[in-house]
Every structure is written in structure tokens, then in C-alpha cells.
Amino acid sequence: MYYSLARLSLLDVIWADLFDANNQSFQDIHHNPHYEIIIVAQGPVYLQVGEQKLTLYAGDSVLLMPWEQHRGWVASERQGKFFWAQFTCEPALKEFHSDRVSDLDIVHVQSSGIHISKGLIEEPVILPRQFSLKHHFKLLVLFEELIGTLTKPKGYFRMHATLLLGEILRFLATDFLEQTHANPVFPASYTTVRKLLNHLNNYYEADVSKETLERVTERKYEYLCQVFKKYAGITILSYVHQLRIQQAKHLLLHTSRSVQEIGESLGYSDPFYFSRLFKKYEGSSPMQFRQGLK
């Protein structure tokens, strides 16, 4: 079983600690309203989750959902220790079906950093329900730092804790990805799109001609249109228009320049075309936007 974590999720650490599985309280049923990540530091650890009985060793991880019951299921044998951290996540984790795991060969290529309007780009990070980490020692060090941050708080300790949790989850997801896909690589087309984006983001006000884009990327314009639409879901021209409209909004609110002057500075010599384009993307005319009318 796998879960998807949106890249821009809001994470918050509730608490973290190192637990000795020989403690008698481990045999009691535990459940809480938060997510919980468990990483075994020393095995074995006998953990029962619902009806499933697990025998975990150093480097094994388990991700628990809110209110999921868990307890120790062997009391007669010597056990090890495990790190745990409870956390909240918005938006919530989603179940990721195993038949889609093969799609992760190009993980995070979609959308390619193209984000100029409001809204969440999901770009899911895949977390396994249960996993055996190949390089778990770095993860144990991160857990120790997380516990130290919470037990001896100072400065921006909550921000520090959130960043550490994010790094723990990233490490787990990356280890899983590498073991599953044997060092996946990004396709060459992704590099081309990134090069194209870099030029568009820097020169959208002026030089975005077909000839210039071909020279910058060393690719034919037809190919650029194809791969850009594949990754961005929109055309190159539409992306340029949206970048320019974002700049126009800033100029309308923070300068006294006329609508015509703003349009011309962004490459639109026809003020009527500029106004129609602005309304298409923003739902109001430039003057209505400047006056706060929508």
C-alpha cells in the first residue's frame, strides 16, 4: 500500500520520541488523531497494526493513519527501540494505487515548475505504508535532531521541526523510489522544457519569437510546442500571455501608467486586444481591476 503526499502540503509536527519496545505500555492499544511515522532504530520490534502482526528490524518503517490502532504483540522476547513522530498534513494523504507505481519513472516532471496562478500543484510524493530502508542511518540522525529540537526548544523551533519532518519524508520517499526504479532519470525533453521556461520567465516581455526560442534551446519550434504542452498542459503562447498579465496586474496596482502604456510595455501595441486578453484571464477589464471591481 502506498500514499501520496502533495509537494506543497502543510506539515506540522505534534511530537516525536525514541521508544523502548520493552516498555510494558507497548502492549497497550494506542491510537491518536494524527499521522505517525515509525522508524526502527534497533530490532526486532513486534508491532501489531489492526489485525496485521509485523516483525520489524533496523531501518524498517511503518506509516500509520489517524486513529489507526497499534500495539506490541510479543511480550516474552527482548525487543529493540524505534523512533516515532506524530504529525498533521493538509491536504490529507491519499491512497496511491500500486498499479500506478510504474508511472513514477518521470516523477515530478509534470508541471515542471510552471505555476503562475493561484492553486495547489499536487506533484505527489509517494510514501510506502511499510518499507525497509537501504540507508537508514542518516534518517536516524534526523530523528535524533527532531527530538532534540522539540525537547529543548529555542528560536524558530517549530519551523525547524517542520523542515526536519519534511526531510525525513523526502528521504523515505527517495529511498523507496530508488529501490523501486533503479535510479530513475528525467527524460531529455524535461531538460529542454526547463531551458525553455528559463528563457520565457526572463524575457516574456520582449523576445519570445520562434527564432529566438529555437536558438536558445537548439530545438525546432514544433518540437518545443509539443513537449511544452505535454508538461505544462497549456501552449507556449498561453503561458507567455499569463506571465504578461501577472506583470500587468502589478503595474495597474502600483503605478499610474495608463492601460495603453502598460499594454505596450508588455508587447501589446493594440490596447483593445490587451484589454480583451486581460479580461479573458482575469474576468475583468484592466480598469475594473485597477478600481477593485470584478
Side-chain angles (χ1 to χ4, degrees), residues 1-21 23 25-26 28-43 45 47-50 52 54 56 58-72 80-96 104 107-108 120-133 135-177:
M1 183 181 296
Y2 312 93
Y3 294 96
S4 65
L5 167 73
R7 177 178 62 86
L8 298 180
S9 291
L10 177 63
L11 299 171
D12 191 24
V13 181
I14 304 303
W15 194 251
D17 207 348
L18 175 64
F19 188 83
D20 187 340
N23 190 306
S25 65
F26 187 46
D28 300 333
I29 295 178
H30 301 271
H31 52 87
N32 62 79
H34 312 297
Y35 295 103
E36 185 170 335
I37 181 72
I38 291 175
I39 305 291
V40 177
Q42 301 172 13
V45 169
L47 176 69
Q48 180 174 342
V49 181
Q52 185 181 18
L54 306 174
L56 306 174
D60 286 351
S61 69
V62 179
L63 178 61
L64 302 178
M65 297 295 103
W67 298 114
E68 191 164 22
Q69 293 190 354
H70 54 284
R71 56 176 293 181
K81 299 178 180 180
F82 60 87
F83 288 103
W84 61 268
Q86 294 178 8
F87 64 96
T88 60
C89 178
E90 289 292 338
L93 298 181
K94 299 178 181 178
E95 186 172 339
F96 187 88
L104 298 182
V107 66
H108 282 194
L120 177 68
I121 294 179
E122 183 180 3
E123 286 187 343
V125 175
I126 307 305
L127 300 170
R129 161 73 162 187
Q130 183 182 348
F131 189 62
S132 295
L133 291 140
H135 309 291
H136 65 278
F137 295 105
K138 181 179 178 180
L139 200 56
L140 300 182
V141 172
L142 289 172
F143 257 103
E144 289 178 345
E145 186 176 354
L146 176 60
I147 294 171
T149 298
L150 294 173
T151 54
K152 297 180 179 180
K154 58 181 179 180
Y156 300 106
F157 79 99
R158 290 187 64 82
M159 179 181 181
H160 189 198
T162 298
L163 293 174
L164 287 170
L165 173 64
E167 181 64 8
I168 288 170
L169 296 178
R170 185 201 66 82
F171 187 93
L172 174 61
T174 300
D175 198 317
F176 163 67
L177 185 66

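Here the structure is a predicted model, which is why all the values come from computation and not from measurement.
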Fill in: Phe19: partners by ring pair (Phe, Tyr, Trp, His ring centres under 6.0 Å), with sequence neighbours left out
Phe26, Phe82
Discussion item. I'd like to check the ring pair (Phe, Tyr, Trp, His ring centres under 6.0 Å) partners of Tyr35; sequence neighbours left out, ordered by chain and number.
Written reply: Phe87
When rounded to the nearest 0.5 angstrom, what distance separates [atom1] in [X] from [atom2] in [Y]?
X: Thr149; Y: Leu165; atom1: OG1; atom2: CG; result: 11.5 Å
X: Ile168; Y: Leu163; atom1: CD1; atom2: CG; result: 11.0 Å
X: Leu177; Y: Leu172; atom1: CG; atom2: CG; result: 11.0 Å
X: Thr174; Y: Leu169; atom1: OG1; atom2: CG; result: 10.5 Å
X: Leu18; Y: Trp84; atom1: CG; atom2: CH2; result: 10.5 Å
X: Leu140; Y: Lys81; atom1: CG; atom2: NZ; result: 12.5 Å

Worksheet entry | Residues that Glu167 engages under salt bridge (charged side-chain N to carboxylate O under 4.0 Å, His left out), provided they are two or more places apart | Arg170
Discussion item. Taking salt bridge (charged side-chain N to carboxylate O under 4.0 Å, His left out) as the definition, give me every residue that meets it alongside Asp17, ordered by chain and number, with sequence neighbours left out.
Written reply: none
Fill in: salt bridge (Lys or Arg N to Asp or Glu O under 4.0 Å) partners of residues 149-163, not counting sequence neighbours, each pair once
Asp12-Arg158
Which residues pass the side-chain contact (heavy atoms from CB on, under 4.5 Å) test with [X], sequence neighbours left out?
X: His34; value: Ile14, Asn32, Gln86, Thr88
X: Ser132; value: Asp60
X: Ala173; value: Val125, Leu127
X: Leu10; value: Glu90

Worksheet entry | Contact check, side chains of Trp15 and Thr151, non-hydrogen atoms, under 4.5 Å | yes
Fill in: Student check: side-chain heavy atoms of Gln130 and Leu56 closer than 4.5 Å
yes
Discussion item. So does Leu146 get a backbone contact from the side chain of Glu144, meaning a donor-acceptor N/O pair under 3.5 Å?
Written reply: no
For residues 62-71, please give each side-chain donor-acceptor pair under 3.5 Å, one per line with the distance, not counting sequence neighbours.
from  : atom 1 : to     : atom 2 : distance (Å)
Glu68 : OE1    : Met65  : N      : 2.9
Glu68 : OE1    : Arg129 : NH1    : 2.8
Glu68 : OE2    : Arg129 : NH1    : 3.2
Glu68 : OE2    : Arg129 : NH2    : 2.5
His70 : ND1    : His30  : O      : 3.2
His70 : ND1    : Glu68  : O      : 3.0
Arg71 : NE     : Gln27  : O      : 3.1
Arg71 : NH2    : Gln27  : O      : 3.0

For [X] against [Y], the heavy-atom pair lying closest together:
X: Ser9; Y: Ala6; answer: OG-O, 2.7 Å
X: Leu133; Y: Ser61; answer: CD1-CB, 4.4 Å
X: Leu11; Y: Gly166; answer: CD1-CA, 4.2 Å
X: Leu5; Y: Cys89; answer: CD1-SG, 3.4 Å
X: Gly80; Y: Val45; answer: C-CG2, 4.1 Å

Discussion item. Under the ring pair (Phe, Tyr, Trp, His ring centres under 6.0 Å) definition, can you give me all pairs with a residue in residues 140-160, not counting sequence neighbours?
Written reply: Phe83-Phe143
